[in-house]
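Each chain gets a letter, A, B and so on, in the order its sequence line appears, and its residues count up from 1.
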There are 2 protein chains.
Amino acid sequence: MSRRSGILEFAVLGLLRESPMHGYELRKRLNTSLGVFRAFSYGTLYPCLKTLVANGWLIEEPGNAPEDALAASLAGRRAKIVYRLTAAGKEHFEELLSHTGPETWEDESFAARFAFFGQTERDVRMRVLEGRRSRLEERLEKMRASLARTRERLDDYTLELQRHGMESVEREVRWLNELIESERAGRDRRRSGPSDETEK
Amino acid sequence: MSRRSGILEFAVLGLLRESPMHGYELRKRLNTSLGVFRAFSYGTLYPCLKTLVANGWLIEEPGNAPEDALAASLAGRRAKIVYRLTAAGKEHFEELLSHTGPETWEDESFAARFAFFGQTERDVRMRVLEGRRSRLEERLEKMRASLARTRERLDDYTLELQRHGMESVEREVRWLNELIESERAGRDRRRSGPSDETEK
DNA sequence: AATTTCATGTAATTCGTTACATGATTCC
DNA sequence: GGAATCATGTAACGAATTACATGAAATT
């Protein structure tokens, strides 16, 4: 029971897999390191962490300064809480990572998936990229059809908005084509250094 | 009381200003003619229409076939409902159209505003476009700063995601620059035909 | 006659924010 | 000692969706 936000849960598990963190830091990384993501508020994040703990996917640990826990237990105060991924949590994340269903082609979900491509198998990466591309191509098809139907009734601003919107989508398709090409060519971006002879 | 969704309310009033419509048709136009918009569901649209009526901004009229209303009143059945903007509604929309506050620079809100530029005064258009541009420039600034701080800790995929994200924003800024330039040059896109000598 | 598209609505639920409340730590 | 930032949480609310329920009109 209790469905949590797919993408927040996913991102939290993914970040914690890299290293344990407390809530505040987690939130910063959701905005910055993962960059393209939206900023979740504390009102969303903390309750989410609680349910992940309740599911056994995370455990709460005292902050790295041992006095934190000591002082807290003595005075009934609150200490910094560091969250760590459990074995079950790791397993669960692994399973989420291997999903390639239609949900994963959606805008925000796709960004989240892409952000963790460094931990994703190559064939899964391919399916996600190709799925995303065909989703965008469908979208383009609809836009073109609707534009053809209504073109003459629209004023210049509306037309310009649609033109710009379509161009953005077309641009993302080209980006995906390059990425897919690069994956096909066997370049694995998961390792940092360039392979020393394919780069000029 | 009872705050409604800013952008849905705005778009509904704007579409109905052009011509009266019933809910089903309205929803189609929210997806297609306005194109770039998100598709609101009926569960959102119909309740919204009711509150707009309650505010006195719309009135419900029987569908254009007169038998609709007749049959409906006789049998207690439901007829097609056409919504028409009242004078108060027109006034309210006019007021919304003249707003240029920070809300209007946000992604979806901006798209909605732009879609109705055909009914917007030139100085308001300018303020909305310039506000949007500076909002995007702030965003770019944050992205650059965060990238500079974290660059070396990130894997190639995360880097690529951020690079692509920034490029998209930069592209929109260039688009805005062109639009602003065009507005400054006095080209008013509200009239359809090109001014017959500036176009090649 | 059956299916699709048109058309209107409600109830439960999901997702997430804002505002509030609290307190520790760090920097000036 | 005061301000900023770090840190954790809750309650009330808001926006929108999904699933459900109903039925008319047009098309095949």
Quiz item: Looking at the side chain of A:Tyr24, which of D:dA7, C:dT8, C:dT17 is the nearest nucleotide?
Solution: D:dA7
Quiz item: Of all the nucleotides listed (C:dG9, D:dT5, D:dG9), which has the minimum atom distance to the side chain of B:Tyr83?
Solution: C:dG9
Quiz prompt | Which nucleotide in D:dT8, D:dT10, C:dG9 has an atom nearest any side-chain atom of A:Tyr46 | solution = D:dT8
Practice problem: Using only side-chain N and O atoms of B:Lys80, determine if any of them is under 4.0 Å from OP1 or OP2 of C:dC6. | Solution: no
Exercise. Please state how far atom NZ in A:Lys28 lies from atom P in D:dA7, giving the value in whole angstrom units.
Key: 7 Å
Quiz item: Is any side-chain N of the basic residue among A:Asp107 and A:Arg132 closer than 4.0 Å to the acidic one's carboxylate O?
Solution: yes
Self-check item: Nearest-angstrom distance from the residue atom CE of A:Met21 to P of D:dT8
Solution: 12 Å
Quiz item: Do B:Trp175 and A:Glu160 get their side chains close enough for a donor-acceptor pair, meaning under 3.5 Å?
Solution: yes
Exercise. Report the end-to-end axis angle of the helix from C:dA1-D:dT28 to C:dC28-D:dG1; each axis comes from five terminal pairs, and the value is rounded to 10°.
Key: 30°
Quiz item: Which residues satisfy the side-chain contact (heavy atoms from CB on, under 4.5 Å) test with B:Glu94, sequence neighbours excluded?
Solution: B:Arg17, B:Lys90, B:Leu97
Quiz item: For A:Arg27 and C:dT17, what is the distance between atoms CZ and P respectively, to the nearest whole Å?
Solution: 8 Å
Practice problem: Round to the nearest Å and state the distance from B:His22 atom NE2 to D:dA25 atom P. | Solution: 13 Å
Exercise. Round to the nearest Å and state the distance from B:Leu49 atom CG to C:dT10 atom P.
Key: 12 Å
Quiz item: Rounded to the Å, how far apart are A:Glu108 CD and C:dC15 C1'?
Solution: 11 Å
Quiz item: Can you check the A:Phe40 CZ to C:dC15 C1' distance for me, whole Å?
Solution: 9 Å
Quiz item: Mapping B:Glu25 and B:Gly43 onto DNA chain C by nearest heavy atom, which one lands closer to the 5' end?
Solution: B:Glu25
Quiz item: Reckon A:Tyr42 has a side-chain N or O less than 4.0 Å from the OP1 or OP2 of D:dT8?
Solution: no
Quiz item: To the nearest angstrom, how far is B:Glu106 atom CD from D:dA15 atom P?
Solution: 15 Å
Exercise. For A:His22, enumerate each residue passing the ring pair (Phe, Tyr, Trp, His ring centres under 6.0 Å) test, keeping only those at least two apart in sequence or located in another chain.
Key: none
Exercise. Applying side-chain contact (heavy atoms from CB on, under 4.5 Å), name anything that partners A:Val124, two or more places apart in sequence or on another chain.
Key: A:Thr100, A:Arg113, A:Thr120, A:Glu121, A:Arg127, A:Val128
Self-check item: Residues which pass side-chain contact (heavy atoms from CB on, under 4.5 Å) with A:Arg151, listed by chain and number, not counting sequence neighbours
Solution: A:Leu147
Quiz item: Between D:dC6, C:dG9, C:dC6, which one does the side chain of B:Lys50 approach most closely?
Solution: C:dG9
Quiz prompt | Partners passing side-chain contact (heavy atoms from CB on, under 4.5 Å) against B:Ala145 (at least two apart in sequence or in another chain) | solution = none
Quiz prompt | Any A:Thr44 side-chain nitrogen or oxygen under 4.0 Å from OP1 or OP2 of C:dG16 | solution = no
